[in-house]
2 protein chains.
Amino acid sequence: MSANPASNANPPAPESGVSASASASPSPTFSPLYQQIKGLITQSLESGEWKPGEIIPSEVELAARYKVSQGTVRKAIDELAADNLLVRRQGKGTFVATHNEERAQFRFLRLLADDGAEHPHVSRLLECRRLRASADIARQLDLRPADPVVLIKRLLQFDGDSTVLDEIWLPGGVFRGLTAERLAEYKGPLYAMFEAEFGTRMIRASEKIRAVAAEPAVADVLHVPAGFPLLSVERVSYTYGDRPVEVRRGWYVTTGYYYQNDLS
Amino acid sequence: MSANPASNANPPAPESGVSASASASPSPTFSPLYQQIKGLITQSLESGEWKPGEIIPSEVELAARYKVSQGTVRKAIDELAADNLLVRRQGKGTFVATHNEERAQFRFLRLLADDGAEHPHVSRLLECRRLRASADIARQLDLRPADPVVLIKRLLQFDGDSTVLDEIWLPGGVFRGLTAERLAEYKGPLYAMFEAEFGTRMIRASEKIRAVAAEPAVADVLHVPAGFPLLSVERVSYTYGDRPVEVRRGWYVTTGYYYQNDLS
DNA sequence: TAGTGGTCTAGACCACGTC
DNA sequence: ACGTGGTCTAGACCACTAA
(Lines give C-alpha, C1' and ligand atoms only; values in the text may rest on other atoms or scores of the structure.)
Protein backbone atom coordinates (compact mmCIF):
# COMPACT_ATOMS: atom_id res chain seq x y z
CA MET A 1 0.00 0.00 0.00
CA SER A 2 2.22 2.85 1.23
CA ALA A 3 4.42 3.70 -1.72
CA ASN A 4 7.06 5.33 0.40
CA PRO A 5 10.48 4.26 -0.73
CA ALA A 6 13.40 3.96 1.63
CA SER A 7 11.15 2.01 3.94
CA ASN A 8 12.66 0.97 7.24
CA ALA A 9 10.21 1.40 9.99
CA ASN A 10 10.68 -0.48 13.23
CA PRO A 11 14.11 -1.52 14.40
CA PRO A 12 14.49 1.17 17.03
CA ALA A 13 17.89 2.10 18.35
CA PRO A 14 18.99 -0.83 20.53
CA GLU A 15 18.33 1.13 23.69
CA SER A 16 15.82 -1.24 25.24
CA GLY A 17 16.26 -1.96 28.91
CA VAL A 18 16.68 -5.54 27.80
CA SER A 19 18.60 -7.04 24.95
CA ALA A 20 18.98 -10.40 23.32
CA SER A 21 22.63 -10.90 22.69
CA ALA A 22 25.20 -8.67 24.28
CA SER A 23 27.97 -8.31 21.77
CA ALA A 24 28.64 -9.96 18.44
CA SER A 25 26.95 -13.29 19.09
CA PRO A 26 24.22 -13.59 16.51
CA SER A 27 22.33 -16.67 17.62
CA PRO A 28 23.97 -19.04 20.11
CA THR A 29 22.15 -17.78 23.19
CA PHE A 30 19.25 -16.10 21.47
CA SER A 31 16.23 -15.42 23.60
CA PRO A 32 13.14 -13.61 22.30
CA LEU A 33 12.35 -10.27 23.83
CA TYR A 34 8.98 -11.42 25.09
CA GLN A 35 10.66 -14.28 26.94
CA GLN A 36 12.88 -11.81 28.71
CA ILE A 37 9.85 -9.70 29.57
CA LYS A 38 8.15 -12.84 30.83
CA GLY A 39 11.15 -13.40 33.08
CA LEU A 40 11.03 -9.85 34.42
CA ILE A 41 7.32 -10.11 35.18
CA THR A 42 7.89 -13.45 36.89
CA GLN A 43 10.56 -11.83 39.04
CA SER A 44 8.11 -9.17 40.14
CA LEU A 45 5.59 -11.87 40.99
CA GLU A 46 8.14 -13.87 42.92
CA SER A 47 9.47 -10.86 44.80
CA GLY A 48 5.97 -9.99 45.90
CA GLU A 49 5.81 -6.66 44.08
CA TRP A 50 2.36 -7.79 42.94
CA LYS A 51 0.62 -10.08 45.39
CA PRO A 52 -1.91 -12.86 44.69
CA GLY A 53 -5.28 -11.39 43.82
CA GLU A 54 -3.88 -7.94 43.08
CA ILE A 55 -4.01 -6.20 39.74
CA ILE A 56 -0.78 -5.68 37.85
CA PRO A 57 0.03 -2.59 35.74
CA SER A 58 -1.74 -2.32 32.40
CA GLU A 59 -0.11 -3.55 29.23
CA VAL A 60 0.60 0.03 28.16
CA GLU A 61 2.31 0.81 31.45
CA LEU A 62 4.42 -2.33 31.34
CA ALA A 63 5.37 -1.61 27.75
CA ALA A 64 6.60 1.81 28.83
CA ARG A 65 8.45 0.40 31.81
CA TYR A 66 10.32 -2.20 29.81
CA LYS A 67 10.71 0.00 26.74
CA VAL A 68 9.07 -2.45 24.38
CA SER A 69 5.86 -2.40 22.38
CA GLN A 70 2.52 -3.38 23.85
CA GLY A 71 2.42 -6.41 21.57
CA THR A 72 5.55 -7.81 23.13
CA VAL A 73 4.19 -7.35 26.64
CA ARG A 74 0.96 -8.94 25.46
CA LYS A 75 2.72 -12.06 24.29
CA ALA A 76 4.59 -12.36 27.58
CA ILE A 77 1.36 -11.99 29.56
CA ASP A 78 -0.40 -14.43 27.25
CA GLU A 79 2.06 -17.14 28.19
CA LEU A 80 1.95 -16.32 31.89
CA ALA A 81 -1.84 -16.51 31.75
CA ALA A 82 -1.58 -19.87 29.98
CA ASP A 83 0.67 -21.01 32.83
CA ASN A 84 -1.99 -19.93 35.34
CA LEU A 85 0.25 -17.33 36.92
CA LEU A 86 -1.90 -14.43 35.75
CA VAL A 87 -5.59 -14.02 34.99
CA ARG A 88 -6.83 -11.62 32.35
CA ARG A 89 -10.18 -9.91 32.74
CA GLN A 90 -11.35 -7.90 29.80
CA GLY A 91 -12.22 -4.33 30.63
CA LYS A 92 -10.74 -4.62 34.11
CA GLY A 93 -7.11 -5.60 33.94
CA THR A 94 -4.69 -8.43 34.56
CA PHE A 95 -4.52 -10.01 38.01
CA VAL A 96 -2.16 -12.28 39.90
CA ALA A 97 -3.71 -15.74 40.08
CA THR A 98 -4.82 -17.11 43.45
CA HIS A 99 -5.52 -20.53 44.86
CA ASN A 100 -8.76 -19.12 46.24
CA GLU A 101 -10.53 -19.07 42.90
CA GLU A 102 -13.06 -21.79 42.27
CA ARG A 103 -11.24 -23.04 39.22
CA ALA A 104 -7.95 -23.35 41.09
CA GLN A 105 -9.51 -25.72 43.60
CA PHE A 106 -10.27 -28.46 41.15
CA ARG A 107 -6.87 -28.10 39.49
CA PHE A 108 -5.12 -29.82 42.37
CA LEU A 109 -7.79 -32.21 43.64
CA ARG A 110 -9.60 -33.78 40.75
CA LEU A 111 -11.95 -35.99 42.70
CA LEU A 112 -15.51 -36.20 41.46
CA ALA A 113 -18.53 -38.17 42.62
CA ASP A 114 -19.68 -41.04 40.41
CA ASP A 115 -22.39 -38.82 38.96
CA GLY A 116 -19.73 -36.33 37.86
CA ALA A 117 -20.62 -33.74 40.46
CA GLU A 118 -17.96 -31.85 42.36
CA HIS A 119 -18.66 -32.27 46.04
CA PRO A 120 -17.42 -29.97 48.78
CA HIS A 121 -15.14 -31.48 51.35
CA VAL A 122 -13.94 -30.71 54.85
CA SER A 123 -10.41 -31.17 56.11
CA ARG A 124 -9.60 -32.73 59.49
CA LEU A 125 -6.09 -32.15 60.79
CA LEU A 126 -4.64 -35.34 62.27
CA GLU A 127 -1.10 -34.30 62.97
CA CYS A 128 1.40 -31.51 62.42
CA ARG A 129 4.93 -31.75 63.69
CA ARG A 130 8.48 -30.83 62.82
CA LEU A 131 11.15 -33.44 62.25
CA ARG A 132 14.29 -34.16 60.28
CA ALA A 133 14.01 -35.11 56.65
CA SER A 134 14.59 -38.70 55.65
CA ALA A 135 17.03 -39.25 52.83
CA ASP A 136 14.17 -39.80 50.43
CA ILE A 137 12.18 -36.71 51.37
CA ALA A 138 15.32 -34.58 51.45
CA ARG A 139 16.20 -35.65 47.94
CA GLN A 140 12.76 -34.84 46.59
CA LEU A 141 12.66 -31.44 48.31
CA ASP A 142 16.22 -30.66 47.25
CA LEU A 143 17.34 -30.43 50.89
CA ARG A 144 20.17 -32.05 52.81
CA PRO A 145 19.31 -35.18 54.80
CA ALA A 146 18.28 -34.36 58.36
CA ASP A 147 17.29 -30.82 57.40
CA PRO A 148 14.16 -29.73 59.27
CA VAL A 149 10.81 -30.43 57.63
CA VAL A 150 7.17 -30.09 58.62
CA LEU A 151 4.94 -33.15 58.42
CA ILE A 152 1.20 -32.71 58.15
CA LYS A 153 -1.32 -35.52 58.22
CA ARG A 154 -4.89 -34.78 57.38
CA LEU A 155 -8.11 -36.44 56.39
CA LEU A 156 -10.51 -35.16 53.76
CA GLN A 157 -14.17 -36.03 54.13
CA PHE A 158 -16.65 -35.85 51.27
CA ASP A 159 -20.22 -35.82 52.45
CA GLY A 160 -19.04 -37.27 55.72
CA ASP A 161 -17.15 -40.11 54.03
CA SER A 162 -13.48 -40.37 54.88
CA THR A 163 -12.09 -40.34 51.38
CA VAL A 164 -8.55 -39.00 51.31
CA LEU A 165 -5.65 -39.41 53.70
CA ASP A 166 -2.73 -37.07 53.02
CA GLU A 167 0.80 -36.95 54.37
CA ILE A 168 2.44 -33.68 53.47
CA TRP A 169 6.11 -32.76 53.83
CA LEU A 170 7.25 -29.15 53.62
CA PRO A 171 10.71 -27.61 53.95
CA GLY A 172 11.07 -26.31 57.51
CA GLY A 173 12.95 -23.21 56.48
CA VAL A 174 10.28 -21.81 54.22
CA PHE A 175 7.39 -22.77 56.49
CA ARG A 176 8.93 -21.56 59.70
CA GLY A 177 5.87 -20.46 61.66
CA LEU A 178 3.58 -23.27 60.57
CA THR A 179 1.82 -24.89 63.52
CA ALA A 180 -1.24 -27.04 64.09
CA GLU A 181 -3.01 -24.01 65.52
CA ARG A 182 -2.51 -21.87 62.45
CA LEU A 183 -3.56 -24.75 60.25
CA ALA A 184 -6.68 -25.34 62.28
CA GLU A 185 -7.82 -21.74 62.25
CA TYR A 186 -7.31 -21.22 58.52
CA LYS A 187 -10.32 -21.75 56.32
CA GLY A 188 -10.01 -22.69 52.68
CA PRO A 189 -7.49 -24.57 50.61
CA LEU A 190 -4.07 -25.34 51.99
CA TYR A 191 -2.37 -23.81 48.97
CA ALA A 192 -4.27 -20.58 49.50
CA MET A 193 -2.85 -20.44 53.02
CA PHE A 194 0.64 -21.19 51.82
CA GLU A 195 0.61 -18.33 49.35
CA ALA A 196 -1.04 -15.88 51.73
CA GLU A 197 0.88 -16.70 54.91
CA PHE A 198 4.21 -17.95 53.64
CA GLY A 199 4.54 -16.31 50.24
CA THR A 200 5.00 -19.67 48.59
CA ARG A 201 2.92 -20.24 45.48
CA MET A 202 2.42 -23.73 44.08
CA ILE A 203 2.76 -23.38 40.33
CA ARG A 204 2.65 -26.93 39.08
CA ALA A 205 2.77 -30.47 40.41
CA SER A 206 3.70 -33.90 39.18
CA GLU A 207 1.89 -37.00 40.37
CA LYS A 208 2.68 -40.71 40.34
CA ILE A 209 -0.48 -42.75 40.60
CA ARG A 210 -0.76 -46.39 41.59
CA ALA A 211 -3.29 -48.84 42.94
CA VAL A 212 -2.22 -50.29 46.30
CA ALA A 213 -3.64 -52.43 49.05
CA ALA A 214 -4.49 -50.49 52.20
CA GLU A 215 -2.02 -51.02 55.02
CA PRO A 216 -3.68 -51.51 58.42
CA ALA A 217 -2.86 -48.04 59.76
CA VAL A 218 -4.18 -46.33 56.63
CA ALA A 219 -7.20 -48.61 56.38
CA ASP A 220 -8.10 -47.76 59.93
CA VAL A 221 -8.22 -44.02 59.34
CA LEU A 222 -10.19 -44.38 56.10
CA HIS A 223 -12.65 -46.87 57.58
CA VAL A 224 -11.97 -49.56 55.02
CA PRO A 225 -10.75 -53.12 55.60
CA ALA A 226 -7.04 -53.80 55.45
CA GLY A 227 -6.01 -54.74 51.94
CA PHE A 228 -8.74 -52.63 50.38
CA PRO A 229 -7.70 -51.17 46.99
CA LEU A 230 -6.70 -47.53 47.29
CA LEU A 231 -5.43 -44.98 44.85
CA SER A 232 -1.91 -43.99 45.87
CA VAL A 233 -0.96 -40.51 44.73
CA GLU A 234 2.61 -39.28 45.20
CA ARG A 235 2.86 -35.61 44.40
CA VAL A 236 5.75 -33.20 44.19
CA SER A 237 4.76 -29.53 43.90
CA TYR A 238 6.94 -26.80 42.49
CA THR A 239 7.10 -23.05 42.89
CA TYR A 240 8.85 -20.38 40.81
CA GLY A 241 11.97 -21.59 39.11
CA ASP A 242 10.73 -25.17 39.32
CA ARG A 243 11.93 -25.47 42.89
CA PRO A 244 10.21 -28.35 44.73
CA VAL A 245 8.48 -27.16 47.91
CA GLU A 246 6.08 -29.92 48.78
CA VAL A 247 6.01 -33.69 48.81
CA ARG A 248 2.61 -35.24 49.31
CA ARG A 249 1.52 -38.82 49.66
CA GLY A 250 -2.19 -39.42 49.37
CA TRP A 251 -4.45 -42.45 49.67
CA TYR A 252 -7.83 -42.10 47.98
CA VAL A 253 -10.87 -44.28 48.53
CA THR A 254 -12.41 -44.50 45.07
CA THR A 255 -15.76 -46.03 45.82
CA GLY A 256 -18.34 -43.43 44.93
CA TYR A 257 -15.63 -41.07 43.69
CA TYR A 258 -13.11 -41.09 40.90
CA TYR A 259 -9.98 -39.24 39.87
CA GLN A 260 -10.72 -37.22 36.76
CA ASN A 261 -8.03 -36.72 34.15
CA ASP A 262 -8.18 -35.13 30.73
CA LEU A 263 -5.73 -36.04 28.02
CA SER A 264 -5.27 -33.40 25.41
CA MET B 1 6.53 8.74 13.68
CA SER B 2 4.74 9.18 10.36
CA ALA B 3 3.19 12.60 10.61
CA ASN B 4 0.53 11.91 8.06
CA PRO B 5 -2.75 13.41 9.13
CA ALA B 6 -6.06 11.87 8.23
CA SER B 7 -4.75 8.60 9.52
CA ASN B 8 -7.01 5.62 9.05
CA ALA B 9 -5.01 2.64 8.01
CA ASN B 10 -6.47 -0.80 8.47
CA PRO B 11 -10.20 -1.41 8.41
CA PRO B 12 -10.38 -2.76 4.88
CA ALA B 13 -13.63 -2.86 3.02
CA PRO B 14 -15.68 -5.62 4.66
CA GLU B 15 -15.18 -7.92 1.70
CA SER B 16 -13.52 -10.77 3.56
CA GLY B 17 -14.64 -14.27 2.63
CA VAL B 18 -15.74 -14.52 6.24
CA SER B 19 -17.53 -12.10 8.47
CA ALA B 20 -18.47 -11.84 12.10
CA SER B 21 -22.05 -10.69 12.15
CA ALA B 22 -24.16 -10.78 9.04
CA SER B 23 -26.37 -7.74 9.25
CA ALA B 24 -26.85 -5.10 11.91
CA SER B 25 -26.10 -7.18 14.98
CA PRO B 26 -23.11 -5.52 16.60
CA SER B 27 -22.16 -7.98 19.32
CA PRO B 28 -24.67 -10.66 20.31
CA THR B 29 -23.05 -13.47 18.33
CA PHE B 30 -19.64 -11.93 17.94
CA SER B 31 -16.87 -14.28 16.96
CA PRO B 32 -13.30 -13.14 16.32
CA LEU B 33 -12.01 -13.49 12.80
CA TYR B 34 -9.22 -15.83 13.84
CA GLN B 35 -11.76 -18.15 15.44
CA GLN B 36 -13.61 -18.36 12.16
CA ILE B 37 -10.34 -19.06 10.36
CA LYS B 38 -9.62 -21.72 12.95
CA GLY B 39 -12.96 -23.28 12.13
CA LEU B 40 -12.25 -23.24 8.40
CA ILE B 41 -8.85 -24.86 8.89
CA THR B 42 -10.42 -27.48 11.14
CA GLN B 43 -12.95 -28.23 8.41
CA SER B 44 -10.16 -28.84 5.94
CA LEU B 45 -8.48 -31.13 8.43
CA GLU B 46 -11.67 -33.04 9.07
CA SER B 47 -12.55 -33.34 5.39
CA GLY B 48 -9.14 -34.80 4.70
CA GLU B 49 -7.98 -31.98 2.44
CA TRP B 50 -4.74 -32.14 4.42
CA LYS B 51 -3.96 -35.60 5.79
CA PRO B 52 -2.04 -36.54 8.94
CA GLY B 53 1.66 -36.00 8.47
CA GLU B 54 1.21 -33.76 5.45
CA ILE B 55 2.24 -30.13 5.23
CA ILE B 56 -0.46 -27.50 5.03
CA PRO B 57 -0.22 -24.29 2.97
CA SER B 58 2.05 -21.58 4.31
CA GLU B 59 0.67 -18.80 6.44
CA VAL B 60 0.96 -16.38 3.53
CA GLU B 61 -1.02 -18.68 1.24
CA LEU B 62 -3.73 -19.23 3.81
CA ALA B 63 -3.94 -15.51 4.45
CA ALA B 64 -4.50 -14.97 0.75
CA ARG B 65 -7.06 -17.77 0.55
CA TYR B 66 -9.13 -16.47 3.43
CA LYS B 67 -8.54 -12.80 2.59
CA VAL B 68 -7.16 -11.93 6.00
CA SER B 69 -3.76 -10.83 7.26
CA GLN B 70 -1.00 -13.26 8.04
CA GLY B 71 -1.24 -12.33 11.70
CA THR B 72 -4.81 -13.53 11.88
CA VAL B 73 -3.93 -16.85 10.28
CA ARG B 74 -1.01 -17.10 12.67
CA LYS B 75 -3.23 -16.77 15.70
CA ALA B 76 -5.58 -19.42 14.38
CA ILE B 77 -2.71 -21.81 13.73
CA ASP B 78 -1.22 -21.00 17.13
CA GLU B 79 -4.34 -22.29 18.83
CA LEU B 80 -4.60 -25.36 16.62
CA ALA B 81 -0.98 -26.15 17.42
CA ALA B 82 -1.73 -25.72 21.13
CA ASP B 83 -4.59 -28.20 20.67
CA ASN B 84 -2.16 -30.68 19.11
CA LEU B 85 -3.96 -30.66 15.77
CA LEU B 86 -1.06 -29.02 13.95
CA VAL B 87 2.69 -29.04 14.44
CA ARG B 88 4.82 -26.06 13.51
CA ARG B 89 8.37 -26.54 12.30
CA GLN B 90 10.40 -23.42 11.86
CA GLY B 91 11.93 -23.08 8.44
CA LYS B 92 9.92 -25.99 7.08
CA GLY B 93 6.23 -25.35 7.48
CA THR B 94 3.15 -26.41 9.43
CA PHE B 95 2.11 -30.05 9.45
CA VAL B 96 -0.95 -32.05 10.39
CA ALA B 97 -0.27 -33.84 13.67
CA THR B 98 -0.01 -37.62 13.71
CA HIS B 99 -0.31 -40.31 16.35
CA ASN B 100 2.91 -41.76 15.00
CA GLU B 101 5.13 -39.11 16.55
CA GLU B 102 7.08 -40.12 19.61
CA ARG B 103 5.51 -37.39 21.71
CA ALA B 104 1.99 -38.43 20.78
CA GLN B 105 2.57 -41.92 22.13
CA PHE B 106 3.08 -40.87 25.70
CA ARG B 107 0.13 -38.49 25.54
CA PHE B 108 -2.37 -41.33 25.69
CA LEU B 109 -0.53 -43.94 27.74
CA ARG B 110 1.31 -42.30 30.57
CA LEU B 111 2.79 -45.38 32.13
CA LEU B 112 6.38 -45.14 33.33
CA ALA B 113 8.66 -47.57 35.10
CA ASP B 114 9.47 -46.90 38.75
CA ASP B 115 12.78 -45.36 37.72
CA GLY B 116 10.93 -42.87 35.53
CA ALA B 117 11.96 -44.48 32.27
CA GLU B 118 9.55 -44.90 29.40
CA HIS B 119 9.59 -48.55 28.41
CA PRO B 120 8.51 -49.91 25.05
CA HIS B 121 5.58 -52.29 25.04
CA VAL B 122 4.09 -54.92 22.77
CA SER B 123 0.41 -55.42 22.15
CA ARG B 124 -1.22 -58.85 22.09
CA LEU B 125 -4.67 -59.04 20.54
CA LEU B 126 -6.97 -61.22 22.61
CA GLU B 127 -10.26 -60.70 20.86
CA CYS B 128 -11.97 -58.63 18.18
CA ARG B 129 -15.61 -59.08 17.37
CA ARG B 130 -18.71 -57.17 16.38
CA LEU B 131 -21.78 -57.03 18.57
CA ARG B 132 -24.68 -54.81 19.55
CA ALA B 133 -24.09 -51.94 21.91
CA SER B 134 -25.30 -52.21 25.46
CA ALA B 135 -27.34 -49.31 26.73
CA ASP B 136 -24.36 -47.98 28.62
CA ILE B 137 -21.90 -48.14 25.74
CA ALA B 138 -24.47 -46.73 23.33
CA ARG B 139 -25.03 -43.76 25.58
CA GLN B 140 -21.34 -43.00 25.88
CA LEU B 141 -20.74 -43.35 22.13
CA ASP B 142 -23.85 -41.32 21.33
CA LEU B 143 -25.42 -44.28 19.50
CA ARG B 144 -28.78 -45.98 19.77
CA PRO B 145 -28.93 -49.10 21.92
CA ALA B 146 -28.28 -52.27 19.90
CA ASP B 147 -26.40 -50.32 17.25
CA PRO B 148 -23.42 -52.30 15.96
CA VAL B 149 -20.11 -51.82 17.75
CA VAL B 150 -16.67 -53.39 17.59
CA LEU B 151 -15.18 -54.83 20.77
CA ILE B 152 -11.44 -55.25 21.02
CA LYS B 153 -9.64 -56.89 23.91
CA ARG B 154 -5.90 -56.67 24.09
CA LEU B 155 -3.01 -57.09 26.46
CA LEU B 156 -0.03 -54.77 26.73
CA GLN B 157 3.23 -56.22 27.91
CA PHE B 158 6.09 -54.12 29.25
CA ASP B 159 9.39 -55.99 29.27
CA GLY B 160 7.43 -59.20 29.08
CA ASP B 161 5.23 -58.30 32.07
CA SER B 162 1.50 -58.35 31.41
CA THR B 163 0.69 -54.85 32.59
CA VAL B 164 -2.42 -53.51 30.88
CA LEU B 165 -5.64 -55.18 29.86
CA ASP B 166 -7.85 -53.07 27.61
CA GLU B 167 -11.44 -53.46 26.44
CA ILE B 168 -12.15 -51.09 23.59
CA TRP B 169 -15.54 -50.28 22.07
CA LEU B 170 -15.80 -48.52 18.74
CA PRO B 171 -18.85 -47.48 16.70
CA GLY B 172 -19.40 -50.15 14.06
CA GLY B 173 -20.38 -47.66 11.38
CA VAL B 174 -17.17 -45.72 11.43
CA PHE B 175 -14.94 -48.75 11.80
CA ARG B 176 -16.61 -50.88 9.20
CA GLY B 177 -13.71 -52.92 7.85
CA LEU B 178 -11.98 -53.45 11.18
CA THR B 179 -11.08 -57.11 11.71
CA ALA B 180 -8.70 -59.09 13.89
CA GLU B 181 -6.51 -59.68 10.84
CA ARG B 182 -6.09 -56.02 10.04
CA LEU B 183 -5.40 -55.30 13.69
CA ALA B 184 -2.81 -58.03 13.87
CA GLU B 185 -0.90 -56.94 10.79
CA TYR B 186 -0.74 -53.29 11.74
CA LYS B 187 2.38 -52.16 13.56
CA GLY B 188 2.42 -49.13 15.82
CA PRO B 189 -0.14 -47.39 17.97
CA LEU B 190 -3.81 -48.16 17.61
CA TYR B 191 -4.67 -44.50 17.20
CA ALA B 192 -2.19 -44.22 14.34
CA MET B 193 -4.04 -47.03 12.58
CA PHE B 194 -7.41 -45.44 13.24
CA GLU B 195 -6.37 -42.17 11.65
CA ALA B 196 -4.58 -43.81 8.72
CA GLU B 197 -7.09 -46.55 7.90
CA PHE B 198 -10.39 -45.11 9.05
CA GLY B 199 -9.82 -41.37 8.88
CA THR B 200 -10.78 -41.00 12.51
CA ARG B 201 -8.46 -38.87 14.59
CA MET B 202 -8.56 -38.98 18.37
CA ILE B 203 -8.25 -35.39 19.52
CA ARG B 204 -8.75 -35.58 23.24
CA ALA B 205 -9.83 -38.04 25.89
CA SER B 206 -11.32 -37.96 29.36
CA GLU B 207 -10.44 -40.58 31.94
CA LYS B 208 -12.01 -41.73 35.19
CA ILE B 209 -9.45 -43.42 37.39
CA ARG B 210 -10.14 -45.71 40.33
CA ALA B 211 -8.45 -48.38 42.37
CA VAL B 212 -10.29 -51.70 42.19
CA ALA B 213 -9.81 -55.30 43.22
CA ALA B 214 -9.01 -57.62 40.33
CA GLU B 215 -11.92 -59.81 39.31
CA PRO B 216 -10.94 -63.43 38.64
CA ALA B 217 -11.15 -63.19 34.85
CA VAL B 218 -9.05 -60.06 34.75
CA ALA B 219 -6.61 -61.30 37.35
CA ASP B 220 -6.06 -64.41 35.29
CA VAL B 221 -5.02 -62.53 32.18
CA LEU B 222 -2.74 -60.18 34.08
CA HIS B 223 -1.13 -62.95 36.13
CA VAL B 224 -2.01 -61.49 39.47
CA PRO B 225 -4.05 -63.03 42.28
CA ALA B 226 -7.77 -62.32 42.40
CA GLY B 227 -8.44 -59.26 44.51
CA PHE B 228 -5.12 -57.68 43.61
CA PRO B 229 -5.30 -53.85 43.52
CA LEU B 230 -5.49 -52.59 39.95
CA LEU B 231 -5.79 -49.17 38.42
CA SER B 232 -9.12 -48.94 36.62
CA VAL B 233 -9.10 -46.43 33.78
CA GLU B 234 -12.33 -45.62 31.96
CA ARG B 235 -11.65 -43.50 28.93
CA VAL B 236 -13.87 -41.79 26.40
CA SER B 237 -12.06 -40.41 23.35
CA TYR B 238 -13.35 -37.66 21.12
CA THR B 239 -12.71 -36.61 17.56
CA TYR B 240 -13.50 -33.36 15.71
CA GLY B 241 -16.55 -31.61 17.02
CA ASP B 242 -16.18 -33.35 20.37
CA ARG B 243 -17.91 -36.42 19.03
CA PRO B 244 -17.17 -39.53 21.14
CA VAL B 245 -15.72 -42.35 19.04
CA GLU B 246 -14.13 -44.69 21.54
CA VAL B 247 -14.91 -46.10 24.95
CA ARG B 248 -12.05 -47.87 26.64
CA ARG B 249 -11.84 -49.72 29.91
CA GLY B 250 -8.34 -50.51 31.10
CA TRP B 251 -6.90 -52.38 34.07
CA TYR B 252 -3.30 -51.49 34.92
CA VAL B 253 -0.95 -53.46 37.13
CA THR B 254 1.00 -50.75 38.94
CA THR B 255 3.78 -52.72 40.51
CA GLY B 256 6.98 -51.54 38.90
CA TYR B 257 5.07 -48.98 36.86
CA TYR B 258 3.04 -45.88 37.62
CA TYR B 259 0.59 -43.59 35.91
CA GLN B 260 2.21 -40.19 35.43
CA ASN B 261 0.11 -37.06 35.64
CA ASP B 262 1.11 -33.42 35.59
CA LEU B 263 -1.05 -30.75 37.15
CA SER B 264 -0.49 -27.31 35.77
C1' DT C 1 -16.58 8.76 29.12
C1' DA C 2 -12.28 6.82 29.97
C1' DG C 3 -9.46 2.87 30.60
C1' DT C 4 -8.60 -2.02 30.05
C1' DG C 5 -7.81 -6.05 27.48
C1' DG C 6 -9.01 -8.19 22.66
C1' DT C 7 -8.74 -8.13 17.63
C1' DC C 8 -6.82 -7.01 13.21
C1' DT C 9 -3.66 -5.19 10.05
C1' DA C 10 0.79 -4.15 7.73
C1' DG C 11 5.42 -4.30 7.36
C1' DA C 12 10.21 -5.20 8.70
C1' DC C 13 13.63 -8.16 10.24
C1' DC C 14 15.49 -12.65 12.34
C1' DA C 15 16.37 -17.74 12.74
C1' DC C 16 16.00 -22.00 10.51
C1' DG C 17 16.00 -25.43 6.81
C1' DT C 18 16.63 -26.57 2.08
C1' DC C 19 18.19 -26.14 -2.49
C1' DA D 1 19.35 -17.51 -2.32
C1' DC D 2 14.85 -18.48 -1.06
C1' DG D 3 10.82 -19.79 1.60
C1' DT D 4 9.08 -20.97 6.10
C1' DG D 5 7.76 -19.88 10.62
C1' DG D 6 9.17 -16.56 14.67
C1' DT D 7 9.69 -11.93 16.59
C1' DC D 8 8.77 -7.08 17.03
C1' DT D 9 6.66 -2.86 16.15
C1' DA D 10 2.96 0.65 15.44
C1' DG D 11 -1.47 1.99 15.07
C1' DA D 12 -6.50 1.55 14.64
C1' DC D 13 -10.70 -0.14 16.14
C1' DC D 14 -13.82 -3.26 19.05
C1' DA D 15 -15.82 -5.18 23.42
C1' DC D 16 -16.19 -4.90 28.19
C1' DT D 17 -16.26 -2.56 32.78
C1' DA D 18 -16.70 1.03 35.90
C1' DA D 19 -17.13 5.74 37.26
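Computed from a predicted structure; not experimentally measured. Labels below follow one simple rule: chain letters A, B, ... track the order of the sequence lines, proteins then strands, and each chain is numbered from 1.
A donor and an acceptor atom, one from each side chain of A:Ser206 and B:Gln260, are located under 3.5 Å apart. Side-chain contact, A:Glu61 with A:Tyr66: no donor N or O sits under 3.5 Å from an acceptor N or O. A donor-acceptor contact under 3.5 angstrom links the side chains of B:Tyr191 and B:Ser237, judged on distance only.
Salt bridge A:Lys38/A:Asp78: absent, no basic N to carboxylate O contact under 4.0 Å. Ion pairing between A:Glu246 and A:Arg201 fails under the 4.0 Å rule for side-chain N and carboxylate O.
At D:dC8, none of the side-chain N or O atoms of A:Lys75 fall inside 4.0 Å of OP1 or OP2 (strictly under the cut-off).
Taking only distance into account, the side chain of A:Arg74 never meets the base of C:dG5 through a donor-acceptor pair shorter than 3.5 Å.
One can place CD1 of A:Ile56 at 8 Å from P of C:dG5, the figure rounded to the nearest angstrom. To the nearest angstrom, C1' of C:dT4 lies 11 Å from CD1 of A:Ile77. The distance from atom CD of B:Gln35 to atom C1' of C:dC8 is 14 Å, rounded to the nearest whole Å. In this structure, the CG atom of A:Leu33 is 15 Å from the C1' atom of C:dA15, given to the nearest Å. Rounded to whole angstrom, the span from the CD atom of A:Glu79 across to the C1' atom of D:dG6 amounts to 12 Å. As a whole-Å value, the separation of B:Glu59 CD from C:dC8 C1' is 15 Å. As a whole-Å value, the separation of A:Phe30 CZ from D:dG5 P is 17 Å. Note: CD (A:Gln70) to P (D:dT9) measures 11 Å, nearest angstrom.
Comparing B:Val60 and A:Thr72 along DNA chain D, the residue whose closest nucleotide (by nearest heavy atom) sits nearer the 5' end is B:Val60.
Put simply, the side chain of B:Phe106 reaches to within 4.5 Å of the side chain of B:Leu112, judged on heavy atoms.
For the segment residues 82-95 of chain B, residues with any heavy atom less than 4.0 angstrom from an atom of DNA chain D are, sorted by number, B:Arg88, B:Arg89, B:Gln90, B:Gly91, B:Lys92, B:Gly93, B:Thr94.
A search for side-chain contact (heavy atoms from CB on, under 4.5 Å) contacts involving B:Ile55 returns B:Phe95, not counting sequence neighbours.
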